[in-house]
Amino acid sequence: MNVANVLEPIINKPIEQPGDYLGADGLLYCGKCHTRKQTHGEGVFAGRLLPVLCSCMIAEREADELADRQCRIEQNRVRCLPAEDMRRHRFEGADDAKHISVCRRYVEKWEEVRAKNYGLLLFGNTGTGKSYAAHCIANALIDREVSVFYISAADLVEILPDRERRADMLRRIRTVPLMIVDDLGAERPTSFSSEQICRAVDERAEAGKPLIVTTNYTLDEMRRCQDHEKQRIFDRLNALCVPVAVVGESRRVALGAEKLRAAKALLGA
């Protein structure tokens, strides 16, 4: 088979656009960027003029590829993070608290923490920004085209026993690069709930994939827990996750106060 003859229709495909011109070397040049749109063939293509991309065509292709990539990223973000406000939480808007620095470094070292299956246990009082920090990690990794499975502990307990949804849930738990379980402890405090949480953590551990958990439990409460079922969960998390304290003023209280001040100023109250 003569490769040159097979590719003849492609090689001879018209590439000239209005404004293009022939250079002194006999090759076609782009009338916009003034770079070559043809080159001399070699080997089996010796004696032929072959089409090449000029600078503006390369720039256009790169812009299209960037737009396609950004579209994929945003579609993935919607799949990964169910609420719009979660998708807005970024490190760029975060403060310089120690736990934020740890979370930033987690993203920077993602390939290593993924390979070694290092997770995070973000613990602290209500409203201090544990979920916010987890969302920042998720968005930063999604920007790098990493898929994240985010779910609240309460939803996990509700969905996992459901026969119709269990298979998909287990598939995601076992395969998604990063899983985030938010608000551990907010689910109904029953033996059944603890069993479902423990199952999910075990599945994740067996898959060898990292897990991030946020909780209002303190380290002392987790270490001194007398509930056997909960203690099993805490023991597993202790083996999988690095504990990170999230301390400071409640973000919710601060945001609420700021909103109230703005409303008063607007209404003259």
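For the atom pair CD1 of Ile233 and CG of Asp227, the computed distance is 8.0 Å after rounding to the nearest 0.5 Å. Note that CZ of Arg77 and CD of Glu145 are 11.0 Å apart. Values are rounded to the nearest 0.5 Å. To the nearest 0.5 angstrom, Glu62 atom CD is 11.0 Å from Glu60 atom CD. Atoms SG and NE2, from Cys136 and His99 in turn, are 8.5 Å apart once rounded to the nearest 0.5 Å. Distance check, rounded to the nearest 0.5 Å: CG of Leu211 to CG of Leu240 gives 6.5 Å. Here CG of Asp95 is found 9.0 Å from OG of Ser101. Values are rounded to the nearest 0.5 Å.
Contact of the Ile100 side chain with the Phe91 side chain is registered, since non-hydrogen atoms from C-beta on lie closer than 4.5 Å. Contact of the Thr215 side chain with the Leu121 side chain is registered, since non-hydrogen atoms from C-beta on lie closer than 4.5 Å. The closest side-chain heavy-atom distance from Leu178 to Trp110 is below 4.5 Å.
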> Hey, mind stepping through Asp168 and Arg171 against salt bridge (charged side-chain N to carboxylate O under 4.0 Å, His left out) and telling me if it holds?
Replying inline: CA-CA 5 Å; Asp168 181 62; Arg171 179 190 60 78; 2.7 Å; yes
> Would Glu65 and Arg69 count as a salt bridge (charged side-chain N to carboxylate O under 4.0 Å, His left out) if you check the C-alpha gap in whole Å, the side-chain angles of each, and the deciding distance to 0.1 Å?
Replying inline: CA-CA 6 Å; Glu65 289 174 351; Arg69 178 178 181 272; over 6 Å; no
>> With salt bridge (charged side-chain N to carboxylate O under 4.0 Å, His left out) as the criterion, how do Arg199 and Glu195 come out once you've worked through the C-alpha distance, each side chain's angles and the decisive distance to 0.1 Å?
In response: CA-CA 6 Å; Arg199 179 183 182 184; Glu195 180 184 345; over 6 Å; no
> Can you check salt bridge (charged side-chain N to carboxylate O under 4.0 Å, His left out) on Lys37 and Glu16, steps first, answer last?
Replying inline: CA-CA 8 Å; Lys37 299 180 76 172; Glu16 186 172 358; over 6 Å; no
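In this structure, a donor-acceptor pair under 3.5 Å is absent between the side chains of Ser191 and Ser194. For the 3.5 Å distance criterion, the side chains of Asp155 and Ser152 qualify, holding a donor opposite an acceptor. Under the 3.5 Å distance criterion, with hydrogens and angles disregarded, a donor-acceptor pair is assigned to the side chains of Asp235 and Gln231.
Salt-bridge formation is detected for the pair Arg90/Asp143: a Lys NZ or Arg NE/NH1/NH2 atom is positioned less than 4.0 Å from an Asp or Glu carboxylate oxygen. A salt bridge is absent between Arg87 and Glu74: the closest approach of a Lys/Arg side-chain nitrogen to an acidic carboxylate oxygen does not fall below 4.0 angstrom. Residues Asp220 and Arg224 are paired through a salt bridge, judged by an N-O separation under 4.0 Å between the basic side chain and the carboxylate. Salt bridge absent: Glu108 and Arg104 never bring a charged side-chain N and a carboxylate O closer than 4.0 Å.
The backbone N or O of Thr214 lies less than 3.5 Å from no partner atom in the side chain of Asp182, so there is not a single donor-acceptor pair. Listed for the Ser193 side chain is a donor-acceptor partner under 3.5 Å among the backbone atoms of Arg188. Lys130 contributes a side-chain N or O that, together with a main-chain N or O of Asn125, makes up a donor-acceptor pair within less than 3.5 Å.
By the 30° and 60° cut-offs, the orientation of the rings of Tyr29 relative to Tyr21 is parallel. The aromatic rings of Tyr217 and Phe234 stand perpendicular to each other, their planes meeting at an angle above 60°, with 30° marking the opposite boundary.
When Val107, Ile142, Val148 are each tested for a side chain to side chain contact (heavy atoms under 4.5 Å, CB included) with Ile137, only one passes: Val107. Between Val242 and the choices Val113, Leu120, Leu122, the side chain to side chain contact (heavy atoms under 4.5 Å, CB included) rule is met once, by Leu120.
Under a hydrophobic clustering in which Ile, Leu, Val, Met, Phe, Trp and Tyr are joined whenever their side-chain heavy atoms come within less than 4.5 Å, directly or via other members, Ile173 and Tyr150 fall into different clusters. Linking Ile, Leu, Val, Met, Phe, Trp and Tyr residues whenever their side-chain heavy atoms come within less than 4.5 Å leaves Tyr118 and Val181 in two separate clusters. Under the 4.5 Å side-chain heavy-atom criterion for ILVMFWY residues, no single connected hydrophobic cluster contains both Ile151 and Val146.
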